[in-house]
Amino acid sequence: MKNFILLLLLCSLFTANVFSQSSSGYGPFAISIAADGTEYLYRLDDTSATSALYSDFVGNDPIDGVDFGKVNSLVLTHGIAVSWVNTPNFFNEESLAILFRYFPAEENEPEEEEGWETISLPNRTNRGGSSNNNYRYENEDININIIPLLNNKHGNYKLQFKRSLTHFYDNGNSSYSRPDPNSVTTATFMFDYSTSLVTNKENNIRITSRKETIRVQSAENTDISLYTVTGKLLEEKQGEDVSFTNLSVGIYLVKTDKKVYKAIVK
């Protein structure tokens, strides 16, 4: 009888250990999109979390319902996801990914598993936490321009995203992949190949708008001025990487040596 009780205790401890090692979860995902050169970071889910792990994008707008309007360049530039995990081997650099697909708005939506392409988030960094088990996954070099993929077929399109999570167990032999069907979000845009716009990239300028800030990056030292949409000068700076901060929500004009760009703070 004592041996039986001891066996039950050992089994209980083993089971608790296995489940504690397998404990994990994930927080918000986000995707940065440059529409005709002006970039903004959108959340793929609507969360009110405020952890420092993702505080730089939790206040940004969700992508669901965004209408980019008529664009000639729509570039996916930067993906982010966050997670917590009790054992380092449970998630790895391939665990968290963003899936995307696009299709003409007038067509029926493809089947649930059709047409998705994968954006990996291989750059994992430990971000601390109460048990030092919070991780952030990123890919800052996606550089996928949706427009050339349309093969010059102009019209209205839908652009969809969803989260994907893969678990790797401690023995390395068992895993499962679970694209979340309930996480699908949809944005819209229009492409008309009869129009032509000069994008920021062609002038070696990158403009990013995030949470009360407009950041301007240039390939060389550049004079940069920030104006209101009515033409009032707000601030002037010089450099290859400058930021204008503490901005209110609205539309701004960014003037460089060669061109004026529109930037939106949301």
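Remember, it's a predicted structure, so these values are computed and weren't measured experimentally.
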Applying salt bridge (charged side-chain N to carboxylate O under 4.0 Å, His left out) between R206 and each of E140, E39, E240, report the one that passes. E39
Identified salt bridge (charged side-chain N to carboxylate O under 4.0 Å, His left out) partner of R101 from the options E109, E113, E117: E109
Point-to-point distance, once rounded to the nearest 0.5 Å, from [atom1] of [X] to [atom2] of [Y]:
X	Y	atom1	atom2	result
F189	D67	CZ	CG	10.5 Å
I144	I31	CD1	CD1	8.0 Å
L149	Y102	CG	OH	4.0 Å
L96	R124	CG	CZ	10.0 Å
Q160	T186	CD	OG1	3.5 Å
R215	I207	CZ	CD1	12.5 Å

Start with the C-alpha gap between L234 and Y252, add the side-chain angles, then the distance that decides, and say whether side chain to side chain contact (heavy atoms under 4.5 Å, CB included) holds. CA-CA 10 Å; L234 298 177; Y252 296 84; 3.6 Å; yes
Side chain to side chain, [X] and [Y], heavy atoms closer than 4.5 Å:
X	Y	value
L247	I214	yes
V260	Y227	no
V216	L226	no
N72	F191	yes
S183	L44	no
N156	T188	no
N221	Q238	yes
F68	I33	yes

Following the transitive rule for hydrophobic clusters with a side-chain heavy-atom cut-off under 4.5 Å over Ile, Leu, Val, Met, Phe, Trp and Tyr, establish whether [X] and [Y] coincide in one cluster.
X	Y	result
L159	I147	yes
L150	I142	yes
I119	L74	yes
V75	L121	no
F103	V66	no

Is the CG atom of N108 crowded by more than 12 outside heavy atoms at less than 6.0 Å? no
Report, as yes or no, whether the 6.0 Å neighbourhood of atom CG on D141 holds more than 12 heavy atoms from other residues, nucleotides or ligands. no
Using side chain to side chain contact (heavy atoms under 4.5 Å, CB included), reason through E236 and D223 one step at a time and then give a plain yes or no. CA-CA 7 Å; E236 293 179 306; D223 292 320; over 6 Å; no
Looking at [X] and [Y], would you say the former's side chain and the latter's main chain have a donor-acceptor pair under 3.5 Å?
X	Y	value
N123	Y137	no
S218	E220	yes
N139	G79	no
N143	T77	no

Minimum-distance pair of heavy atoms, taken over all atoms of [X] and [Y]:
X	Y	value
V71	A35	CG1-CB, 4.2 Å
H78	L41	O-CD1, 4.4 Å
P104	Y157	N-CD2, 3.7 Å
S243	T213	CB-CG2, 4.2 Å

SB check E112 K162 (cutoff 4.0 Å): no
List the steps and the verdict of side chain to side chain contact (heavy atoms under 4.5 Å, CB included) for L76 and F161. CA-CA 11 Å; L76 313 183; F161 299 91; 4.0 Å; yes
Within 45 degrees of the axis of the six-membered ring of F244 and under 6.0 Å from its centre: does K237 put its NZ or CZ there? yes
